[in-house]
Protein chains: 2
Amino acid sequence: MPPPGKPSDTRSRIIAAAAEEFGARGFAATSVDVIARRARVNKAMIYYHFSSKQALYTSILRDIYVALGEQLQGIAAQTVGPPRKLDALIHTLVQALDARTHFLPMFLRELAEGGRHLGPQELSLIAGIFAVVSGVIAEGVEAKVFRPVHPALAHFSIIGPLILFRATAPVRARIRQARQIEIPDADSATLIQHIQTVARRMLAPEESHERNIQG
Amino acid sequence: MPPPGKPSDTRSRIIAAAAEEFGARGFAATSVDVIARRARVNKAMIYYHFSSKQALYTSILRDIYVALGEQLQGIAAQTVGPPRKLDALIHTLVQALDARTHFLPMFLRELAEGGRHLGPQELSLIAGIFAVVSGVIAEGVEAKVFRPVHPALAHFSIIGPLILFRATAPVRARIRQARQIEIPDADSATLIQHIQTVARRMLAPEESHERNIQG
DNA sequence: GTCTATAAATAGATAGAC
DNA sequence: GTCTATCTATTTATAGAC
């Protein structure tokens with residue numbers, strides 16, 4: 001495995017192909033042969049650039065977590081109030097999912113397997129993402145602009161709908177296609193706005209009459 | 001494949017073993033050999049009872065969807081108001097997930113693969129479950145006890161947190177174990193109550209919760 | 001860096017004895 | 001119904017030429 005200094009063209013083609021295949025079929029169901037064909041390289045080239053199928057897989061996951069974590073931490077560091085931060089986090093999360101369509105399936109499968117392919121490094125990155133979102137919520141609770149809530153439950157009440165709505169899109173499409181009942185879709189803007197509204201309502205203090213909350 | 005009239009002992013052992021293995025490892029990563037060993041039967045016995053690995057897998061998924069669908073439809077048929085029905089649906093969904101620990105991982109993986117292993121029959125069952133929950137919401141909207149909401153977005157705002165909180169439990173445990181940050185857990189009762197509260201707040205008509213906590 | 005060829009292990013599925 | 005033995009295909013991974 002050569003030093004990862006320069007992202008050679010074949011290397012990035014391998015990564016792109018692997019991301020799509022792992023996303024569509026999962027780790028076990030994806031063969032190195034298929035990745036090679038899709039990347040238009042020979043299978044041996046994959047083992048030249050990555051020590052194993054597992055290492056290739058993990059490297060893809062790690063890249064995403066790093067990028068997403070940096071983006072979210074940038075938002076949390078802004079000098080606006082917790083409600084605005086939360087809106088921005090939701091907005092960024094939806095757009096991040098839109099930008100990397102292979103991430104969601106990979107993430108769901110990791111959950112299903114209890115994070116078997118995740119090492120301490122990856123777990124730490126995930127923990128960081130959780131810390132950002134639930135940190136903003138805690139910040140709001142402390143400032144009394146949010147009601148006291150269970151941090152993890154509040155966190156998953158925000159990212160749960162977001163993730164599951166996007167994740168079910170292909171199955172909903174198949175249901176629609178099979179002429180079963182109609183399950184309406186929603187574009188990104190509608191989704192973002194809905195999640196933001198639900199989050200606001202979830203976190204609204206008990207008797208929030210004319211509270212002037214500063215952002 | 002013998003007629004499925006009498007659930008023979010070996011057959012049910014095969015199903016139980018397969019459910020655990022498919023849940024833990026997924027379809028592709030689970031070998032028929034492993035299922036056979038776990039069920040304490042020979043591999044050939046599996047092909048005596050089921051036409052293929054795929055048929056065994058699908059049969060397990062279908063059983064769960066049928067049972068869950070019947071349970072939920074029973075609730076929707078009750079003669080109580082939409083808010084109470086929704087509370088009962090949430091309660092039942094959480095308990096159903098608790099009762100069948102292998103279902104959630106299997107469900108997540110199906111989402112990740114766009115329902116590749118699901119035929120028209122299974123898709124129809126899933127559509128039925130969606131119809132029940134979003135039907136109760138629509139009932140409440142019509143009766144003006146719920147505010148008008150996007151049916152699918154409201155649906156996934158309820159089952160999303162529920163599913164994702166439970167699904168992330170193993171990864172959260174690993175993060176805790178790896179001495180990363182502390183992500184608090186919650187028992188079923190707390191989870192149920194939280195989801196019910198969020199659902200109520202999401203669906204409350206305009207007057208009860210101010211729409212502006214915006215900063 | 002890129003290829004061909006192949007090793008070594010394992011997969012799903014079946015034949016046929018009992 | 002249950003087993004042993006096996007066929008065939010595919011898998012990850014590597015050796016070695018260029």
Side-chain angles (χ1 to χ4, degrees), chain A residues 1-61 106 109-110 112-113 116-119, chain B residues 1-62 106 109-110 113 116-119:
Chain A
M1 187 163 54
K6 48 172 185 212
S8 75
D9 185 50
T10 55
R11 186 186 170 91
S12 50
R13 275 218 313 283
I14 290 171
I15 290 177
E20 292 193 55
E21 291 295 330
F22 284 141
R25 263 165 278 281
F27 179 80
T30 297
S31 78
V32 179
D33 266 300
V34 169
I35 296 174
R37 258 196 301 277
R38 179 158 204 157
R40 299 193 314 278
V41 300
N42 191 275
K43 181 164 60 167
M45 277 308 298
I46 291 179
Y47 288 97
Y48 172 77
H49 282 284
F50 299 91
S51 63
S52 68
K53 177 186 174 183
Q54 174 71 64
L56 170 58
Y57 178 87
T58 309
S59 124
I60 291 171
L61 266 190
M106 290 179 80
R109 269 184 273 249
E110 281 309 316
E113 272 159 62
R116 181 173 307 169
H117 300 108
L118 304 175
Chain B
M1 186 162 53
K6 47 176 186 208
S8 77
D9 185 49
T10 54
R11 186 186 169 89
S12 50
R13 277 219 311 285
I14 290 170
I15 290 177
E20 293 193 54
E21 291 295 331
F22 284 141
R25 263 165 278 280
F27 179 81
T30 297
S31 75
V32 179
D33 267 299
V34 169
I35 296 174
R37 260 197 299 278
R38 179 157 203 158
R40 300 193 313 279
V41 300
N42 192 276
K43 181 163 62 166
M45 276 309 297
I46 291 178
Y47 287 96
Y48 173 76
H49 282 285
F50 299 90
S51 62
S52 68
K53 177 186 175 184
Q54 174 72 63
L56 170 57
Y57 178 87
T58 308
S59 124
I60 290 171
L61 266 191
R62 189 169 40 232
M106 290 179 80
R109 270 184 274 249
E110 280 308 317
E113 273 159 62
R116 182 173 308 171
H117 300 108
L118 304 175

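Treat the numbers as computed from the prediction; the structure is a model and nothing was measured. Values below: every heavy atom of this structure, side chains too, minus hydrogens, waters and symmetry copies. Below, chains carry the letters A, B, ... as their sequence lines are ordered, and counting in each starts from 1.
- Distances shown here put a side-chain N or O of B:T10 below 4.0 Å from the OP1 or OP2 atom of D:dT2.
- A:R109 places a side-chain N or O within 3.5 Å of a backbone atom of A:G23 that can act as its donor or acceptor partner.
- Following rounding to the nearest Å, B:K43 (NZ) and D:dG1 (C1') show an atom-to-atom distance of 18 Å.
- Note: CE (A:M45) to C1' (C:dT4) measures 14 Å, nearest angstrom.
- Atom OH of B:Y48 is separated from atom C1' of D:dT4 by 18 Å (rounded to the nearest Å).
- In this structure, B:H49 atom NE2 and D:dG1 atom P are separated by 6 Å, rounded to whole Å.
- With A:R25 contributing its side chain and A:T30 its backbone, the two residues share no donor-acceptor pair below 3.5 Å.
- Residue A:A44 places its side chain closer to D:dA15 than to any other of C:dG1, D:dA15, C:dT14.
- Here the C1' atom of nucleotide D:dT10 and the CZ atom of A:R37 are 11 Å apart, to the nearest Å.
- Atom OH of B:Y57 and atom C1' of C:dA11 are 18 Å apart (whole Å).
- Computed from coordinates, the B:N42 CG to C:dA17 P distance equals 16 Å when rounded to whole Å.
- To the nearest angstrom, P of C:dA11 lies 13 Å from CD1 of B:I46.
- Taking only side-chain nitrogens and oxygens, B:Y47 never comes nearer than 4.0 Å to OP1 or OP2 of C:dT14.
- The side chain of B:S31 sits closest to C:dA11 out of C:dA11, C:dC3, D:dT12.
- Below 30°, between 30° and 60°, or above 60°: for B:F27 and B:F22 the angle between ring planes is below 30°, a parallel geometry.
- In this structure, of C:dC3, C:dA13, D:dA13, it is C:dA13 that holds the atom nearest to the side chain of B:K53.
- Side chain of A:S12 to main chain of A:S8: a donor-acceptor pair is present (N/O by atom type, distance under 3.5 Å, no hydrogens or angles).
- Relative to the ring axis of B:F50, B:R11 places its NZ or CZ within 45° and under 6.0 Å from the centre.
- Mapped onto DNA chain D by nearest heavy atom, A:V34 and B:R40 fall at different nucleotides, with B:R40 at the one closer to the 5' end.
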